[in-house]
Amino acid sequence: MTTFFLIDTHYTIEAGKAIIHLYGRDEKEKPITLKDENFQPYFYVLTKDPKALEKLKEEDYHVVKVEKEKKLLLEKPVTAYKVTVNLPTAVPVLRELAKEVGDTLEDDVLFTRRYLIDKGLTPLELVQAEVENDTIKSIKPAQGEYKPKALAFDIETYTPPGRMEIDYDNPIIMIALYAPDYKKVVTWKKAKGAEVLDSEKSMLERFVTLIKEYDPDILTGYNSDGFDLPYLLARCKKLKVELAIGKDNSSPIAKGRTRQEARIIGIAHVDLYKFIRRVLGRTMKTQSFSLDAVSKELLGKGKKDVDIASIGTAWNAGKIDKFVEYNLHDTKLTYDLMHKVWPSLLEMTKIVGLPLFDASRLSFSQFVEWYLMKKAFSMNELFPAKPGYKEQTRRMGQRAQGGYVFEPEPGVYDNIAVYDYRSLYPSIIVSHNISPGTVNCACCKGKIPEHDMHFCKKKQGFISGTIKELLDYRTNIKKESQKKKDVVLEARSYALKVLLNSFYGYLGFAMARWYSAQCVEAITAYARHYVKDVIAKAEQQGFTVRYGDTDSCMIELGKKTTKDAKKFLDLVNKDLPDPMELELEDVFPAGIWVATKSSTTGAKKRYALLDKEGNLTIKGFESVRRNAAVIARKVQQELLMIVLKDRNEKKAVKLVKDTVEKLRKNKLPVEEVVIKTQIQKNLDKYESIGPHVAAGKLMEKKGMTVKKGTLVAYIVKKGEGKIRDRVELAEDAKQSQYDGEYYISHSVIPAVENILHVLGVSPESITEATQQTSLKGF
DNA sequence: AGCTACCGGGG
DNA sequence: GTGTACGGTAGCT
């Protein structure tokens, strides 16, 4: 009997047979590799002619057996035929033939995932297997707590002085590895604190050896899907090094130009950037997801203060000690982040039942779908088929009416009480039993708000039942974690929250197996009903409602107190069906709502709140991008702070006026107006010539190589005509050259105009005032 | 208005 | 690998 924690799965074909490989670690931290030769691929067919299924055949692919089964499909009983075939790759071939006989189902579930579902195995949980010669006789889940054996890594690459761009032609100059009991930097020039190899090639070979020696279950990096691993692969290919870090000595498999990911067989590669941005991003304050910003927020300390742009110069001069420290520190941050988010990663992996590699990269809709598939299997429900291209387009055309948004009156207000319904959509789904199988049942009657539709009151739906279970489970966990503070319970609760909040989007997601336009319509109709209800009740109580959106309602307290705000909560909650509940999120000292660009009516989804600690919560305003001049963002942030915190209108207007003035007189340095854009393909491949392409051509003219990945930095010059005819490379630009008017009208004014409107100041008055002081304010 | 291209993170 | 992915904006056409 072997018990071990399951880390990764993989399959190979040997002697015409599929073999599942399981990689893991036992409780004594010994690595485990096992194979299972007794699992066969299959799919289902709904047909009146099961005899025909037995004869399906093409080349080496054939049917092993056909079994009749009673199953459910969208909550209704069906007879399905389980067609077992000889190889996983036979499935896509034979299912096409089977389609002539009937409808096929579950014909696109990856073989190793099928294995996990059918065996009830959950990665990172204990697994118990009866084994003979490393081959599994039987296998089942068990109980135990896994301690991650993780290693963080980070590469530094050479960039020629003055050129800050990513180019696989430049060598990797150092690599750091970090675990609390293991700190290592390898490089190929003399340096303090590093192991020095004689060339890039030997450094890469050493890297492979070091990984093998440490033997981690988890290899983690920051943006390592998008940078470190593809870069390592490119350099290894060039230098003919086998990047054999997989447990089967295979090289990582990098995939996809968009949404790239790099898989290592047997090792869970976790890209923390991807995970944190996708999963935790929503709840974080930071606007940027750089390692520095994320570490500061989650760990309370950032990166080492090193000018990374000078790495090329330092390398050429052989003075790289500082970068060795920097490199190692980055891996320490990465490791510590891993440790910090580990409870969330672990819980998500366990909930969804997929290997950590996949679980850490799930989109929200996949999170729901894989959970539902696991659930469906246990309830004998067939997985509905994924939609074809035509069906997807049809679904995309069915856009449901969204949530209700209260039209705000532009202005700055004090003491804003923010209420929201706790898990609004999930609680609506549960309280009204909304599920694809309960729509317009024959046994019940009724009508939902706004639509001629009803949902069964007698039979629990598959989706609504699943959500009810999850909600109840989460409520219990929250109760427990209130008794004693426990990071694991909190993480589990958070993972469940993420899952619960994703169901609504999932039901309306065109690619979803359990798509239901009717459910989506019903959920939003109820949501609008309940939000309008709070707004009406608040107004009845004499509160001034300032805003409301989808599941929230924001009230200006005015002379009323926080106590009154809490009392109102009870008034609303006593009428709500279980498990719906309104909560008071917080009372904010100040908030601003702005008008739309073209009118004086309040803009929806664009506002900012100032919390008690003096931090801004900004909704709907532009975010940081490198292809925008920094000046715009800077002015916007400062302006909001002045308006909400200092409450000084004059100072606010002065800030914008000064900025406009400085731009007009070219008093701001070139750096504040530089626009940086990456060239994504060869210059001659462009159909439409944007400013960045024109800038790229200027670089070529100077004899510089411009190719995919080159970062062009340019400014817009004074003059007439198209923007692209007025670009100048940042490195050649003089401060006197840039077109202040362009930046005023394209960057600064768009970023601040609706904030100015609230102060009763028109952007024209600001832009004109500095030109002709006599026409002030008009 | 519709289409094309780029952003994110990394050095 | 029994495969499929985001969501938003600026500027050109």
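Just so it is clear: chains get the letters A, B, ... in the order the sequence lines come, proteins before strands, and each one is counted from 1. In what follows, every heavy atom counts, from backbone to side chain, and hydrogens, waters and symmetry copies are set aside.
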Chemist: Decide yes or no on salt bridge (Lys or Arg N to Asp or Glu O under 4.0 Å) for A:R361 and A:D225, but give the supporting numbers first.
Modeler: CA-CA 10 Å; A:R361 283 169 184 74; A:D225 267 346; 2.8 Å; yes

Chemist: Any idea which of C:dT4, C:dT2, B:dG9 is nearest the A:K255 side chain?
Modeler: C:dT4

Chemist: Categorize A:S363 for me: base, sugar-phosphate, or nothing, with a 4.0 angstrom heavy-atom threshold over every strand shown.
Modeler: nothing

Chemist: My understanding is that only residues two or more places apart in sequence, or in another chain, count here; which of them pass side chain to side chain donor-acceptor pair (under 3.5 Å) with A:K296?
Modeler: A:D292

Chemist: May I ask you to verify if any side-chain N or O of A:Y686 is less than 4.0 angstrom from the OP1 or OP2 atom of C:dC12?
Modeler: no

Chemist: Need one value for A:Y42: base, sugar-phosphate or nothing, where a base atom within 4.0 Å counts as base even if backbone is also close, heavy atoms only.
Modeler: base

Chemist: C:dA5 and B:dG10: how far apart are their P atoms, nearest whole angstrom?
Modeler: 27 Å

Chemist: Within the 4.0 Å heavy-atom criterion, would you say A:R113 contacts the bases, only the backbone, or no part of the nucleic acid?
Modeler: base

Chemist: Just N and O in the side chain of A:R277: are any of them under 4.0 Å from OP1 or OP2 of B:dG8?
Modeler: no

Chemist: Between B:dG8, C:dG11, B:dC7, which one does the side chain of A:T677 approach most closely?
Modeler: B:dC7

Chemist: For a quick check of understanding: with a heavy-atom distance under 4.0 Å over all strands, which category does A:I689 fall into, base, sugar-phosphate or nothing?
Modeler: sugar-phosphate

Chemist: Would you say A:R724 reaches C:dT13's phosphate, i.e. side-chain N/O to OP1/OP2 under 4.0 Å?
Modeler: yes

Chemist: Going through the distances and angles, do A:Y231 and A:Y168 end up as a ring-ring contact (aromatic ring centres under 6.0 Å, His included)?
Modeler: CA-CA 6 Å; A:Y231 210 117; A:Y168 292 161; 5.0 Å; yes

Chemist: For A:H746 and C:dA10, is the shortest distance between a side-chain N/O and OP1 or OP2 below 4.0 Å?
Modeler: no

Chemist: Measure CG/A:N86 against C1'/C:dT2 and give the value in whole Å, please.
Modeler: 13 Å

Chemist: Rounded to the nearest angstrom, tell me the gap between atom CG in A:D330 and atom P in B:dG10.
Modeler: 8 Å

Chemist: Would you indicate which nucleotide in C:dT2, C:dC12, B:dG10 comes nearest to any side-chain atom of A:I723?
Modeler: C:dC12

Chemist: Side chain of A:F289: nearest nucleotide among B:dG10, B:dG9, C:dG11?
Modeler: B:dG9

Chemist: Measure from CD1 on A:I311 to P on B:dG10 and round the result to the nearest Å.
Modeler: 13 Å

Chemist: Nearest-Å distance, CG (A:L711) to P (B:dG10)?
Modeler: 14 Å

Chemist: Please state how far atom CZ in A:R513 lies from atom C1' in C:dA5, giving the value in whole angstrom units.
Modeler: 14 Å

Chemist: Any base atoms under 4.0 Å from A:K274, or only sugar-phosphate, or nothing? Heavy atoms, all strands.
Modeler: nothing

Chemist: Step by step, would you call A:R113 with A:D358 a salt bridge (Lys or Arg N to Asp or Glu O under 4.0 Å)?
Modeler: CA-CA 10 Å; A:R113 295 193 182 175; A:D358 303 284; 2.7 Å; yes

Chemist: Would one find a side-chain N or O of A:Q678 under 4.0 angstrom from OP1 or OP2 of B:dC7?
Modeler: yes

Chemist: So what does A:I253 hit on the nucleic acid, given a heavy-atom distance under 4.0 Å: a base, only sugar-phosphate, or nothing?
Modeler: nothing

Chemist: Start with the C-alpha distance between A:R278 and A:D271, add both sets of side-chain angles, then the distance that settles salt bridge (Lys or Arg N to Asp or Glu O under 4.0 Å), and finish with yes or no.
Modeler: CA-CA 11 Å; A:R278 270 199 205 157; A:D271 181 344; over 6 Å; no

Chemist: With sequence neighbours excluded, tell me which residues meet side chain to side chain donor-acceptor pair (under 3.5 Å) with A:T159.
Modeler: none

Chemist: Give the rounded distance in Å between these two atoms: OH of A:Y231 and P of B:dG9.
Modeler: 20 Å

Chemist: Whole-Å distance between C:dC6 C1' and A:R278 CZ?
Modeler: 8 Å

Chemist: Take atom NZ in A:K634; do more than 12 heavy atoms of anything else shown fall under 6.0 Å from it?
Modeler: no

Chemist: NA contact type, A:N327, heavy-atom cut-off 4.0 Å: base, sugar-phosphate, or nothing?
Modeler: nothing

Chemist: Rounded to the nearest Å, what distance is computed from the CD atom of residue A:E261 to the P atom of nucleotide B:dG10?
Modeler: 20 Å

Chemist: Would you say a side-chain N or O of A:K722 is under 4.0 Å from OP1 or OP2 of C:dG11?
Modeler: no

Chemist: Please work out if A:Y742 contacts a base, only the sugar-phosphate, or nothing of the nucleic acid, heavy-atom cut-off 4.0 Å.
Modeler: sugar-phosphate

Chemist: Scan A:Y11 against the nucleic acid and name what it touches under 4.0 Å (heavy atoms): base, sugar-phosphate only, or nothing.
Modeler: sugar-phosphate

Chemist: Closest approach to the side chain of A:D154, judged atom by atom: which nucleotide of C:dT2, B:dG10, C:dA5 is it?
Modeler: B:dG10

